[in-house]
Amino acid sequence: MNLATKTLIGILMGIGTGLGLSIYAPVVYDPLNNYIFDPVGSLFIKAIQMVVIPLVFSAIVTSITATGSVKKLGQLGTRTMSLFVITTIIACTVGILTTIVVGPGINVTLPEHATSLSDGNSGGHGSSSSDTTKPPTLKETVLNIIPSNAIGAMATGNMLQVLIFSIFFGIAMAILGEKAETMRILVNQLNELMMKLVQIFMKVIPYAAFALVAEAMGNAGIELVGSIAKYLMAILIGLAIQVFIVYGSMLAFLSKTNPFDFFRKMMPAIGTGFATSSSAASLPITKSCCENELKMSKNVSSFVLTLGMTMNMNGASLSHGVAAVFVAQLNGIHLGFTEYLTIIFISLLASVGAPAIPGGGFVSLSMIFLAVGLPIEGVGIAIIMGLFRLVDMPLTSVNVLGDAVCASVIDKKLNYSTQLKDQSAVT
C-alpha cells in the first residue's frame with residue numbers, strides 16, 4: 001500500500017474517529033485528545049517547523065549557485081526566469097481569489113481553544129482570532145525586509161528577512177565562484193541533509209494526518225466537514241483555472257500550440273507527478289515527453305525543465321494562496337492588500353528553493369504563515385496538514401505541466417536562436 005493510500009485512510013479514519021467520539025463518547029474523546037491526538041499532531045508540526053529555516057536557507061543558496069552567474073544564463077535564462085515569475089504570481093493570485101469567492105473558512109464557528117496556539121505565540125498579528133494589532137503597512141513591510149542581524153532573523157523566524165539574506169548570500173557565492181567552493185559544498189550537504197529529514201518526516205504523515213484530523217473534527221464538530229469540502233473545492237477550481245485558462249492561453253497565443261493536444265502528449269509526465277508527488281522523480285518522463293512527443297529543443301528542455309523543477313512551483317503557489325486565506329477566514333483574521341502582496345511575494349521567493357520532494361510544499365507554506373503572522377497551529381493548519389499528502393498529488397501534476405508549458409513557450413520564442421546553437425555545436 002503506497003503512502004497516498006495510507007494517508008487517505010488516515011484522513012477518513014480521523015474524520016470518523018473525531019466526529020464519532022466527540023458526539024457519542026466525549027468522555028472517551030477528551031483523554032484520547034489530550035494524550036494521543038494533540039501530542040502526535042503537535043510533535044509532527046514542530047518537527048516540520050524545526051527544519052524550515054535551515055532548509056530554506058540551504059535550498060535557496062543551492063539553487064542560486066547552481067545556475068551560475070547571470071552572464072552565463074544569457075537570453076535563455078532571462079526569459080525563463082521572467083516566465084517563471086509571471087506564472088507563479090498568477091497561480092498564487094488565482095488561489096487567493098478562488099478562496100475569497102468560495103469562502104471555505106467563512107461562517108464556521110470554532111471553539112476558542114481550537115483556534116488558539118498551544119504556545120500562545122505565533123510571532124505576528126495572527127496569533128489569535130481576537131488579535132487587534134494593526135497589520136504593517138506596505139512601507140513598513142518593504143523597510144523590514146533587510147535584516148539588521150541575519151542570525152537574529154533566523155532565531156526569531158522572520159521568514160521574509162531570512163529569504164532576502166539567503167538570496168544575497170547565494171548571489172555573493174555565485175560571484176566568488178571557486179573561492180567559495182568549500183562553502184558551496186557545505187551548503188549543498190546541509191540542503192541534502194534537511195531534505196532527507198523532510199522525507200523521513202513525510203513517512204509518518206498517515207499517522208499524523210489521523211491525529212490532526214481527529215483532533216480538528218473533535219474540537220469543531222460536523223460543521224467542519226463542509227469547510228473541508230469547500231477547501232478542496234477551492235484548490236481544484238483554482239487548479240482548473242490555472243491549467244485550462246492560464247496554461248491554455250499561453251500555449252494557444254504564445255506557443256501557437258493546440259492546448260488539448262499538448263495536455264494529451266504530457267499525460268505520462270502528469271501521471272508520474274500525480275503518483276509520486278515529486279517533480280524530481282517526474283523529470284526524466286517530463287523531459288522525454290517534451291523532446292520526443294512535443295519535439296522541443298534539447299537545449300531548451302534540459303535548461304528550463306531542470307530549473308523549473310525547483311524554481312517554478314505553480315501548483316504549490318496556488319495552494320499557498322488558498323491555504324493562507326482559508327486559515328485567515330477560519331480564525332477571523334482580516335487580510336488586507338499588504339498581506340495579500342506579502343503572500344504572493346513570499347510564495348514567489350519560496351518557489352526558488354522549494355524542495356522537489358513529497359511534502360516539500362508544506363515547508364514553503366510554513367514560511368508564508370510565519371511571514372504574515374497566521375497561526376502555525378490550530379484547526380486550520382490541522383486540516384491542511386491532514387489533507388496535504390492527498391492534495392500534493394494534483395499540485396505536483398500542475399507543477400510538472402507548468403514547467404513543460406514554460407519550456408514550450410521559450411522553445412517557440414527562441415526557436416531560431418536554438419537552431420543556430422545546435423548547428424554551431426555540431427560544427
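In what follows, residues are counted from 1 in the order of the sequence shown. These numbers come from the heavy atoms of this one structure, side chains and all, not from hydrogens, waters or symmetry mates.
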Checklist entry - So does Tyr207 have more than 12 non-hydrogen atoms from other groups sitting under 6.0 Å from OH? => result no
Could you pull out all residues at least two apart from [X] that satisfy side-chain contact (heavy atoms from CB on, under 4.5 Å)?
{"X": "Ile185", "answer": "Glu181, Gln189"}
{"X": "Pro54", "answer": "Met194"}
{"X": "Ala91", "answer": "Gln242, Asn314, Ser317, Leu318"}
{"X": "Asp261", "answer": "Asn258, Arg264, Lys265"}

Next on the checklist: The test is side-chain hydrogen bond (donor to acceptor under 3.5 Å, both in side chains); show your working for Asn312 and Thr87 and say whether it passes.
Outcome noted: CA-CA 8 Å; Asn312 187 43; Thr87 55; 3.2 Å; yes
Item to check | Test side chain to side chain contact (heavy atoms under 4.5 Å, CB included) applied to Val372 and Tyr340, step by step | outcome: CA-CA 9 Å; Val372 297; Tyr340 289 133; over 6 Å; no
Can you tell me how far [atom2] of [Y] sits from [atom1] of [X], rounded to the nearest 0.5 angstrom?
{"X": "Phe369", "Y": "Ile346", "atom1": "CZ", "atom2": "CD1", "result": "13.0 Å"}
{"X": "Ser282", "Y": "Met266", "atom1": "OG", "atom2": "CE", "result": "9.0 Å"}
{"X": "Ile100", "Y": "Ile106", "atom1": "CD1", "atom2": "CD1", "result": "9.0 Å"}
{"X": "Met313", "Y": "Leu348", "atom1": "CE", "atom2": "CG", "result": "13.0 Å"}
{"X": "Ile90", "Y": "Ile344", "atom1": "CD1", "atom2": "CD1", "result": "10.5 Å"}
{"X": "His334", "Y": "Glu339", "atom1": "NE2", "atom2": "CD", "result": "7.0 Å"}

Is the shortest side-chain heavy-atom distance between [X] and [Y] below 4.5 Å?
{"X": "Ile235", "Y": "Leu395", "answer": "yes"}
{"X": "Phe168", "Y": "Ile146", "answer": "yes"}
{"X": "Leu190", "Y": "Leu186", "answer": "no"}
{"X": "Met233", "Y": "Thr98", "answer": "no"}
{"X": "Val162", "Y": "Ser166", "answer": "yes"}
{"X": "Ser227", "Y": "Phe326", "answer": "yes"}

Examine distances only and state if a side-chain atom of [X] and a backbone atom of [Y] form a donor-acceptor pair shorter than 3.5 Å.
{"X": "Ser42", "Y": "Pro39", "answer": "no"}
{"X": "Thr257", "Y": "Ser255", "answer": "yes"}
{"X": "Asn331", "Y": "Val327", "answer": "yes"}
{"X": "Ser347", "Y": "Ile343", "answer": "no"}
{"X": "Thr93", "Y": "Ile89", "answer": "yes"}
{"X": "Asn399", "Y": "Gly315", "answer": "yes"}

Checklist entry - What is the minimum heavy-atom distance between Phe262 and Ser408, and which atoms define it? => result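 Where Phe262 meets Ser408 most closely, the heavy atoms are CE1-CB, 3.8 Å.
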Item to check | Criterion side chain to side chain contact (heavy atoms under 4.5 Å, CB included) on Val400 and Phe274, from CA distance to verdict | outcome: CA-CA 9 Å; Val400 170; Phe274 188 89; over 6 Å; no
Next on the checklist: Angle between ring planes, Phe260 versus Phe263, binned at 30° and 60°: parallel, tilted or perpendicular?
Outcome noted: perpendicular
Item to check | For Phe84, ring-ring contact (aromatic ring centres under 6.0 Å, His included) partners two or more places apart | outcome: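 Counting only residues at least two positions away or on another chain, Phe84 forms no ring-ring contact (aromatic ring centres under 6.0 Å, His included).
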Checklist entry - Considering residues at least two apart in sequence or located in another chain, which fulfil the ring-ring contact (aromatic ring centres under 6.0 Å, His included) criterion with Tyr247? => result none
Checklist entry - Is Glu192 salt-bridged to Lys196, going by a charged N under 4.0 Å from an acidic O? => result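 Salt bridge between Glu192 and Lys196, a charged N being under 4.0 Å from a carboxylate O: no.
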Checklist entry - Hey, mind stepping through Cys290 and Leu305 against side chain to side chain contact (heavy atoms under 4.5 Å, CB included) and telling me if it holds? => result CA-CA 9 Å; Cys290 289; Leu305 296 180; 3.9 Å; yes
Checklist entry - Step by step, would you call Ser301 with Asp411 a side chain to side chain contact (heavy atoms under 4.5 Å, CB included)? => result CA-CA 8 Å; Ser301 66; Asp411 184 62; over 6 Å; no
